[in-house]
Student: 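Okay, here's the structure, questions in a sec.
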Amino acid sequence: MAEEESEEKEYRWETGYEKTWEAIKEDDHGLLEASVADIIHNAKRKRQLERKQGARLGMMRHLYIILDASESMSNQDLKPTRFLCSLKLLEDFIEEFFYQNPISQLGVIITRNKRAEKVSDLAGNSKKHVKELQTLQQTVVGGEPSLQNSLELATKLLKLLPSHASKEILVIMGALTTCDPGDINETIRNMKLDGIRCSVIGLAAELYICKRMANLTGGEHSVALDDKHYKEQLNAHIDPPPAATRLDAALVKMGFPHHALHSSAPDTSMSVCMCHAQYSDETVKLMTTGYLCPQCLSKHCELPVECRACGLTLVSAPHLARSYHYLFPVEPFKETASESDHSFCFGCQKIFAQNDKKVYTCGKCNQTFCLDCEIFIHEILHTCPGCAINPETYKKSIDKS
Ligand SMILES: [Zn+2]
Ligand SMILES: [Zn+2]
Ligand SMILES: [Zn+2]
Ligand SMILES: [Zn+2]
């Protein structure tokens, strides 16, 4: 039990809360909006500062979501029920996950009546998962969940993946009990050996076994306070996690297929795409368009996808470019009071007025930005406009990274 002693002995009620109600102050017009925005902004900045530059990240993620579908998920503390609220939030989560992690894969497992059921296989396309989740809305939740059975199922499916893949499980647990056929410590030990990271989001309370499992496998554990907080907890799993030390750095063979319209005549014959050929419903259409695998010339209608015929990962270059910013994030800007010599924002050309109490300066190009631009640069743009238009500093920032 030596491992347990190194765990931080910390509960939410011991340190946890930021005293947000003390930070809220009315502005000159008696409004609260400004200080609420301040709190959100401060939280975002804190997250930025925590992000380390040059850290190795697990970019090729394989994530299994284990969703509790037991009796306790019909509880109405989240509206309309815990289960329906989870499904709705997961839909958004899956869309966002694939947008930010285009070469990753995801699968869903639910657990009820002491059993684990696989809802969807590991796949890199959000549409299929979202469709499965929508059909789940009609299912009946009931019985007790089995944490061990679902973990075993996920482990079995993740085990066969190559060693460079980041293997993750995210458990959403509403129940306070689990009904297991064996020793769950054995399962946790196996997960640790296989390098699987297991995170838990609790909906009711903190469970000792969940916390212990997250700590031992390097995952995160949190308990949702309400639906907004729940969404935030899910969003924390969108950014790729730091790579485990045992993750191999391997080169992965990838194909960049051209759209079939642009290729030579014999390839563009009418054919059914590989990804839809297995379904015998009306969605199967003969098409001339599609992406051809550069290795085996089989046709797929969407990217990114793993070639059904030869197993090559097919991507388009913009998919890779989308995950680039995680590797070279913009450094946090210096926060200063606005009585400096800068009179307008470099980003939007707004003239700094009385209500801009803080301005933000880039450490590399020394340009000053307003709060809105600072947030936009770090959250969406992922490159500093001041550095980007100056060829010298831009080159320097590239060389450094
Ligand atoms: Zn298709
Ligand atoms: Zn192929
Ligand atoms: Zn601005
Ligand atoms: Zn800059």
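Both counts, for ligands and for their atoms, begin at 1 and track the order of listing.
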Student: In degrees, rounded to 10 degrees, what angle do C348 atom SG and C370 atom SG make at the Zn ion (ligand 3)?
Tutor: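 About 120° at the Zn ion (ligand 3).
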Student: At the Zn ion (ligand 2), what is the angle formed between atom SG of C296 and atom SG of C307, rounded to the nearest 10°?
Tutor: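 With the Zn ion (ligand 2) as the vertex, SG (C296) and SG (C307) sit 100° apart.
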Student: Assert yes or no for the condition that the ring centre distance of F97 to H237 is strictly below 6.0 Å.
Tutor: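 Between H237 and F97, which both carry aromatic rings, the centre distance is not below 6.0 Å.
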Student: What do you get for the angle at the Zn ion (ligand 3) between SG on C373 and SG on C345, to the nearest 10 degrees?
Tutor: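 That angle works out to 100° after rounding to 10°.
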Student: Is a side-chain donor-acceptor pair under 3.5 Å present for S199 with E168?
Tutor: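 Short answer, no.
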Student: Using the ring of each side chain (for Trp, its six-membered ring), is F346 parallel, tilted or perpendicular to F369, with breaks at 30° and 60°?
Tutor: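 Perpendicular, since the angle between the ring planes exceeds 60°.
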Student: Can you give the angle C384 SG - the Zn ion (ligand 4) - C365 SG, rounded to 10°?
Tutor: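 It is 110°, given to the nearest 10°.
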Student: In plain terms, say whether E117 and R112 are close enough for a salt bridge, that is, a side-chain N and a carboxylate O under 4.0 Å apart.
Tutor: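 So E117 pairs with R112 through a salt bridge.
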